[in-house]
Amino acid sequence: MRQFLLKRLGLTLITLVLISFAVFLVAQILPGDVGRAMLGPYASATQVSRFDHQLGVDRPLPVQYWTWITNFMRGNWGQSYLLSTPVRPLVFQRLLNSLALGAFALLLILPVSIGLGVVAALDQGKFGDRLISIVGLSLIALPEFVIGILLLVVFSIQLGWFPVASTVPSANPVDIVRQLLLPSIPLMLVLFGYISRMARAGTIVSLNSNYTRTAILKGLPRRVVIRRHVLRNSLLPTITVVSVQIGYLVGALVVIETLFNYPGMGKLVLDSAVGHDIPMLEATMLMVAIIYMVSNLVADVLLAILNPRIRLAE
Amino acid sequence: MQIETPDPAMIPLPVVATAAPGINLPPRASRRQRARAVFIALLHSKTFMAGAIIMLFWILDAIFWPLIVPHDPNAQDLLSTLQRPSGAHLFGTDDLGRDVFSRVLAGARSVLTIAPAATALGLLGGITIGLVTGYYRGLVDDVLMRIVDALLAFPLVIIALLVLAVLGHSTLNVVLVIAVVFTPLIARTVRAAVLSEREREYVASARLLGEPGIVVMVREILPNIVGAIVVEATVRLGYAIFTAATLSFLGLGIQQPSPDWGLSISLGRGFLQVASWMVLFPALALATLVVSLNFVADGLREVLSS
């Protein structure tokens with residue numbers, strides 16, 4: 001187990017270093033002369049080059065990368081070109097806002113999707129299964145902003161129940177629901193499609209397994225077989241899909257936060273990419289990668305704990 | 001250690017509509033007979049037909065909209081802006097007095113050009129790479145799989161957003177970025193199909209006959225994995241529509257004054273409280289297109305896997 005952990009950790013670190021190269025390179029080839037962009041068209045050429053020198057953007061790329069990554073590790077993430085504020089506090093604040101939205105969606109939809117996925121599997125091929133599957137299938141295909149805009153038209157405009165733009169909620173539970181429910185529904189619907197499908201597939205696999213047949217044959221009641229033997233094993237693939245969906249969530253948040261004007265991480269990524277705000281873009285992209293890698297790592301470790309075959313396979 | 005992440009698209013789904021009649025053919029049926037049987041089974045699949053009819057409507061609309069629109073989609077009428085849906089303007093008018101109904105009909109063209117073009121390019125690259133890596137294995141194969149893993153670390157929208165910020169926003173760039181991201185993903189599916197085919201007897205006998213690798217790949221293996229490729233292509237086309245629309249919505253794709261649906265929704269967002277019809281109808285149009293394509297993909301998967 002220990003060896004397994006170390007190996008996974010090592011792989012994660014290597015991937016992160018590779019991603020940091022990629023992020024740095026992409027940020028570097030963004031068009032635009034940084035000094036010129038910040039000083040404006042009336043600055044002289046010497047002023048621009050002095051400013052570039054001050055920022056360090058005229059040094060060779062490997063030196064710049066090293067400066068950037070060591071500063072990043074020390075917690076010095078630089079100043080935003082666009083907003084002229086320190087990058088780090090803003091990234092963390094936005095991250096927390098997005099986390100509130102993502103966690104709200106995930107917590108509400110997870111039990112529902114797993115539950116309905118299992119129900120669909122137990123009802124395999126019958127009406128309930130078909131209904132759950134076709135609804136899930138259609139929901140996956142719909143872009144988040146289409147669902148979001150339909151929700152806005154019905155619930156904010158026609159019924160007036162929710163605000164047209166969401167802000168960060170206060171601790172008041174009513175306010176949390178009021179601000180977060182509408183933007184999180186598109187996320188929930190897509191997550192429902194994926195997670196319920198995985199839960200269904202996992203349940204079918206374990207229903208058809210030898211251990212389930214043995215449990216039935218030795219006379220255990222159906223209820224006990226399902227709870228003790230089927231459910232436990234059917235949830236394994238679901239863990240993987242949830243961790244993969246965290247990566248999806250980050251992408252979807254870009255869209256949802258733009259649509260609902262919610263001050264989260266996704267909107268920050270979009271704004272800094274469009275505005276060529278390089279320090280901000282590098283920091284946000286690296287955070288996205290770290291979040292994704294860590295959630296994958298946690299899922300793999302969880303799976304290894306729950307399923308000895310994986311960790312012993314090495 | 002790599003834990004295979006199951007792709008939800010690969011998990012068999014329940015037969016959603018009434019079961020398509022099985023394809024019963026003699027083992028020596030020719031390719032032509034087989035194609036005919038698949039075609040008939042598709043005609044009997046309710047899921048496929050429902051999706052295909054809606055798809056067909058949008059495709060015809062994308063080609064022939066100039067003949068059916070009641071107004072010029074770009075004609076401004078500043079005296080009648082933000083008008084509610086009425087007899088004169090079925091879906092109302094937008095902030096510049098343009099007819100929303102005409103714009104919805106005209107808006108199908110951009111998404112139905114970008115998505116198929118991107119998918120076709122991705123297929124071209126993906127099939128080539130998938131065939132070669134699956135057939136020869138080796139180093140290229142390993143490298144490809146690492147690239148796929150790394151690509152999956154970022155959501156497609158974020159990769160596209162970064163690339164478009166670098167290259168600039170143009171329709172061509174949207175096509176290219178989707179195609180480039182699709183290539184390794186399609187290659188992975190093709191590779192998997194090739195891996196199982198290459199162990200078959202017909203491949204061994206073709207090799208024994210001394211056929212060169214390229215002939216074995218294109219003449220022997222490719223025709224036998226067409227089913228898998230067709231299903232993959234429809235699934236990818238769905239994602240391409242999804243991504244192209246999302247990029248337009250984010251303002252990174254096609255630019256004004258195009259009647260593109262994603263762009264219309266993005267611009268109409270600001271008028272939500274005074275003219276919700278500006279966003280409602282393009283959103284419904286996009287929803288019907290995407291869902292119909294999904295039905296087609298599901299019907300195909302159901303028939304081709306039986």
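Predicted model only: the values in this text are computed from it and were never measured. In what follows, chains carry the letters A, B, and so on, assigned in the order in which the sequence lines appear, proteins first and then strands, with residues in each chain numbered from 1.
- For the set B/Pro282, B/Gly262, B/Ser276, the count of heavy-atom pairs under 4.5 angstrom toward chain A peaks at B/Ser276.
- Ring planes of B/Phe281 and B/Phe91: parallel class, angle under 30° (limits at 30 and 60°).
- Using modelled atom types, one side-chain atom of A/Glu257 and one backbone atom of A/Lys267 make a donor-acceptor pair closer than 3.5 Å.
- Chosen from A/Pro143, A/Ala120, A/Ala22, the residue pairing most often with chain B at heavy-atom distances under 4.5 Å is A/Pro143.
- With hydrogens and angles disregarded, a donor-acceptor distance shorter than 3.5 Å links the side chain of A/Thr284 to the backbone of A/Leu281.
- Using a 4.5 Å cut-off on side-chain heavy atoms (C-beta onward), A/Met285 and B/Ile158 make contact.
- Using a cutoff of 4.0 Å between basic side-chain nitrogens and carboxylate oxygens, A/Asp129 and A/Arg200 are scored as salt-bridged.
- Heavy-atom pairs under 4.5 Å with chain B were tallied for A/Asn296, A/Thr258, A/Leu270, A/Ile147; the largest tally goes to A/Leu270.
- Residue contact with chain B, scored on non-hydrogen atoms closer than 4.5 Å, is absent for A/Phe127.
- Residues of residues 244-254 of chain B that come within less than 4.5 angstrom of chain A, heavy atom to heavy atom, are B/Ala245, B/Thr246, B/Phe249, B/Leu250, B/Leu252 in numerical order.
- Under the 3.5 Å distance criterion, with hydrogens and angles disregarded, no donor-acceptor pair is assigned to the side chains of A/Asp277 and A/Ser272.
- For a residue to count as touching a neighbouring chain, one of its non-hydrogen atoms must lie under 4.5 Å from one of that chain's; by this rule A/Leu142 touches chain B with backbone and side chain alike.
- Between the A/Trp161 side chain and the A/Ser156 main chain, no donor and acceptor come within less than 3.5 Å of each other.
- Remark: the backbone N or O of B/Val230 is paired with a side-chain donor or acceptor of B/Thr234 at under 3.5 angstrom.
- For a residue to count as touching a neighbouring chain, one of its non-hydrogen atoms must lie under 4.5 Å from one of that chain's; by this rule A/Leu259 touches chain B with backbone and side chain alike.
- Neither side chain, B/Trp277 nor B/Thr93, offers a donor N or O lying under 3.5 Å from an acceptor on the other.
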